[in-house]
Novice: 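What follows is a structure written as structure tokens; I'll ask about it next.
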Amino acid sequence: MEKLSSNKVFGGEHAQYSHYSSVNNCTMNFAVYMPPIAMGEGKEAKRVPVIYWLSGLTCNEQNFMQKAGALRAAAELGVAIIAPDTSPRGDDVPDDPDKAYDFGIGAGFYLNATQAPWSKHYNMYDYITTELQALVKDTFWVNDKASISGHSMGGHGALAIGLKNPEMFTSISAFSPICNPVNAPWGKKAFSQYLGDDENSWLEYDACYLLEQSKQQTPILIDQGTDDNFLAEQLMPDNLIKMAQKSDYQLSLNMRSGYDHSYFFIASFIDEHLSFHAQHLFGDEQK
């Protein structure tokens with residue numbers, strides 16, 4: 001693993017790393033923020049819990065770290081943030097032939113592709129749930145507690161991965177997630193090419209279906225802007241709420257008046273999401 005950059009911020013460290021991924025068969029980057037308490041800043045270093053952040057279409061590992069304004073709260077709460085890239089990249093990694101923004105590089109959709117030529121590299125589900133977590137635990141001063149969050153396509157990833165792995169994540173949150181991708185144009189385009197024509201296989205990455213099937217309730221917080229251009233056609237939070245009501249699954253959805261799909265929206269409420277996760281990561285433990 002190679003350390004590409006390092007910046008001291010709020011007493012902790014933001015850094016960018018590169019490593020070869022045996023899951024995705026290419027070099028992957030990720031960003032990490034370690035709070036002061038994990039660095040031994042002013043006192044003995046302490047292992048800290050991790051919040052995994054999954055970014056949306058066209059983003060990489062740096063968008064959240066540079067735009068969300070989350071690092072002050074992470075420093076104060078004593079949580080690490082890990083932000084992986086959104087897809088495999090490299091000269092050998094196939095991309096959408098038309099260079100569309102919503103498929104291929106930058107649009108991994110946090111699944112394991114089963115169709116050629118995508119299946120060799122596009123295995124972001126395994127990357128997040130196995131390889132990256134093992135690397136983080138082996139490298140950084142973290143403990144075994146983790147939560148997951150994300151935005152848009154990354155919100156879809158956070159919901160799907162969190163619901164499929166309740167033993168792995170203590171809480172889930174999302175900004176403007178694709179809640180029902182099997183019925184959304186973005187999801188249909190990606191799933192049909194990554195997973196093939198069998199729509200039953202698509203359900204394994206659909207938050208509405210996974211929530212209905214869930215045997216364990218993981219705390220979920222969702223924020224959605226009312227002025228989001230993608231709200232009705234792509235994101236469909238109403239479908240998730242209907243499924244939650246049908247399944248008696250308790251989740252919190254905040255519809256934020258006047259907010260859109262941008263990082264301005266995320267920056268406005270990210271502190272609330274970090275506090276939500278810290279509540280479940282620490283429980284009654286003294287922060």
Side-chain angles (χ1 to χ4, degrees), residues 1-7 13-34 50-68 70-71 74 80-96 99-142 146-162 164-165 168-169 174 190-191 193-195 205:
M1 189 169 69
E2 179 184 0
K3 193 173 191 177
L4 302 177
S5 66
S6 175
N7 311 93
E13 182 191 38
H14 163 271
Q16 184 183 21
Y17 289 87
S18 175
H19 72 103
Y20 185 80
S21 167
S22 59
V23 168
N24 288 326
N25 294 291
C26 66
T27 297
M28 294 290 298
N29 289 353
F30 68 93
V32 55
Y33 178 70
M34 296 301 294
V50 180
I51 298 173
Y52 287 88
W53 173 270
L54 308 184
S55 287
L57 291 168
T58 75
C59 293
N60 59 31
E61 73 282 355
Q62 284 300 311
N63 292 73
F64 177 79
M65 293 298 196
Q66 296 185 14
K67 295 180 179 181
L71 304 187
I81 299 175
I82 303 292
D85 203 346
T86 52
S87 79
R89 298 179 193 267
D91 293 339
D92 296 331
V93 175
D95 194 8
D96 185 279
K99 303 298 182 182
Y101 77 95
D102 56 356
F103 185 75
I105 291 176
F109 273 84
Y110 305 101
L111 49 72
N112 289 339
T114 60
Q115 305 299 301
W118 318 106
S119 55
K120 180 179 179 180
H121 298 285
Y122 286 79
N123 297 296
M124 290 297 293
Y125 176 85
D126 279 353
Y127 179 70
I128 301 298
T129 58
T130 58
E131 188 174 38
L132 180 61
Q133 290 201 50
L135 186 61
V136 167
K137 290 177 181 178
D138 287 346
T139 307
F140 303 104
W141 204 243
V142 300
S147 295
I148 191 164
S149 185
H151 171 233
S152 193
M153 177 187 70
H156 139 73
L159 289 171
I161 291 173
K164 286 168 74 73
N165 298 277
M168 191 177 292
F169 300 104
F191 289 179
Q193 296 188 70
Y194 288 138
L195 302 174
Y205 300 100

Novice: Given 3.5 Å as the limit, does a donor-acceptor pair link the side chain of N24 with the main chain of C26, or not?
Specialist: no
Novice: Taking all heavy atoms of I81 and all of M65, pick out the closest pair and write down the distance.
Specialist: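 Smallest interatomic distance, heavy atoms only, reads O-CE, 3.5 Å.
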Novice: Is it the case that the side chains of S55 and N63 hold a donor-acceptor pair, with the cut-off being a distance below 3.5 Å and no angle test?
Specialist: no
Novice: Should we count CG of D92 as having more than 12 external heavy atoms under 6.0 Å?
Specialist: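 Not more than 12 within 6.0 Å, no.
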Novice: Test of understanding: with side chain to side chain donor-acceptor pair (under 3.5 Å), list the residues that count as partners of Y205, not counting sequence neighbours.
Specialist: none
Novice: Distance only, no hydrogens: is a donor on one side chain within 3.5 Å (strictly under) of an acceptor on the other, for E61 and Q16?
Specialist: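 Distance-only check passes for E61 and Q16.
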Novice: For a quick test of reading the model, state the closest non-hydrogen atom pair linking M1 to L135 and the distance between them.
Specialist: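 Closest pair (atom of M1, atom of L135, distance): SD-CD2, 3.7 Å.
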Novice: Taking only residues two or more places apart in sequence or in another chain, which ones pass ring-ring contact (aromatic ring centres under 6.0 Å, His included) with F64?
Specialist: W53
Novice: Test your reading of the model: is there a side-chain donor-acceptor pair from D95 to the backbone of I105, 3.5 Å cut-off?
Specialist: yes
Novice: Walk me through whether D85 and F30 qualify under side chain to side chain contact (heavy atoms under 4.5 Å, CB included).
Specialist: CA-CA 6 Å; D85 203 346; F30 68 93; over 6 Å; no
Novice: Can you tell me if N123 uses its side chain to pair, donor with acceptor, with the backbone of N112 under 3.5 Å?
Specialist: no
Novice: Show every salt bridge (Lys or Arg N to Asp or Glu O under 4.0 Å) that has at least one partner inside residues 107-132, sequence neighbours left out.
Specialist: none
Novice: ring-ring contact (aromatic ring centres under 6.0 Å, His included) with F140: which residues, sequence neighbours excluded?
Specialist: Y17
Novice: If we ignore hydrogens and angles and just use 3.5 Å, is the side chain of Y122 paired with the main-chain N or O of P94 as donor and acceptor?
Specialist: yes
Novice: Check whether S87 reaches the backbone of G106 with its side chain - one donor and one acceptor, N or O, closer than 3.5 Å.
Specialist: yes
Novice: Say you draw a straight line from OG1 of T86 to CG of L54; how long is it, rounded to the nearest 0.5 Å?
Specialist: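 Going from OG1 on T86 over to CG on L54, the span is 10.0 Å.
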Novice: If you look at every heavy atom in Q115 and Q193, which pair is closest and at what distance?
Specialist: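 Heavy-atom minimum between the residues: CB-O, 3.4 Å.
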Novice: Looking at CG of L57 and CE of M153, how far apart are the two atoms once the value is rounded to the nearest 0.5 Å?
Specialist: 4.5 Å
Novice: Please report the C-alpha distance between Q133 and M168 in whole Å, then the side-chain angles of each, then the deciding distance to 0.1 Å, and finally whether the side chain to side chain contact (heavy atoms under 4.5 Å, CB included) criterion is met.
Specialist: CA-CA 10 Å; Q133 290 201 50; M168 191 177 292; 2.9 Å; yes
Novice: Just to verify, what does Y127 make a ring-ring contact (aromatic ring centres under 6.0 Å, His included) with, not counting sequence neighbours?
Specialist: H19
Novice: I'd like to know whether M34 forms a side chain to side chain contact (heavy atoms under 4.5 Å, CB included) with V142, so could you lay out the CA-CA distance, the side-chain angles of the two residues, the decisive distance to 0.1 Å, and finally the verdict.
Specialist: CA-CA 9 Å; M34 296 301 294; V142 300; 4.0 Å; yes
Novice: Of all the heavy-atom pairs spanning A113 and S119, show the shortest one and how long it is.
Specialist: O-CB, 3.3 Å
Novice: Does a side chain donor of either N165 or Y125 reach within less than 3.5 Å of an acceptor in the other side chain?
Specialist: yes
Novice: Using the test ring-ring contact (aromatic ring centres under 6.0 Å, His included), find all partners of F109 that sit at least two apart in sequence or belong to another chain.
Specialist: H156
Novice: Please report the C-alpha distance between T114 and Y194 in whole Å, then the side-chain angles of each, then the deciding distance to 0.1 Å, and finally whether the side chain to side chain contact (heavy atoms under 4.5 Å, CB included) criterion is met.
Specialist: CA-CA 6 Å; T114 60; Y194 288 138; over 6 Å; no
Novice: Are S6 and E13 linked by a side-chain donor-acceptor pair shorter than 3.5 Å?
Specialist: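 A pair is found: one side chain offers a donor N or O, the other an acceptor, under 3.5 Å apart.
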Novice: Taking all heavy atoms of G155 and all of A174, pick out the closest pair and write down the distance.
Specialist: CA-CB, 3.8 Å
Novice: For P88, is there any backbone N or O sitting under 3.5 Å from a side-chain donor or acceptor partner on H121?
Specialist: no
Novice: I'd like to know if the side chain of S147 and the backbone of F169 have a donor-acceptor N/O pair within less than 3.5 Å.
Specialist: no
Novice: Would you name the heavy atoms of I82 and P84 that are closest together and state the gap between them?
Specialist: O-CD, 3.6 Å
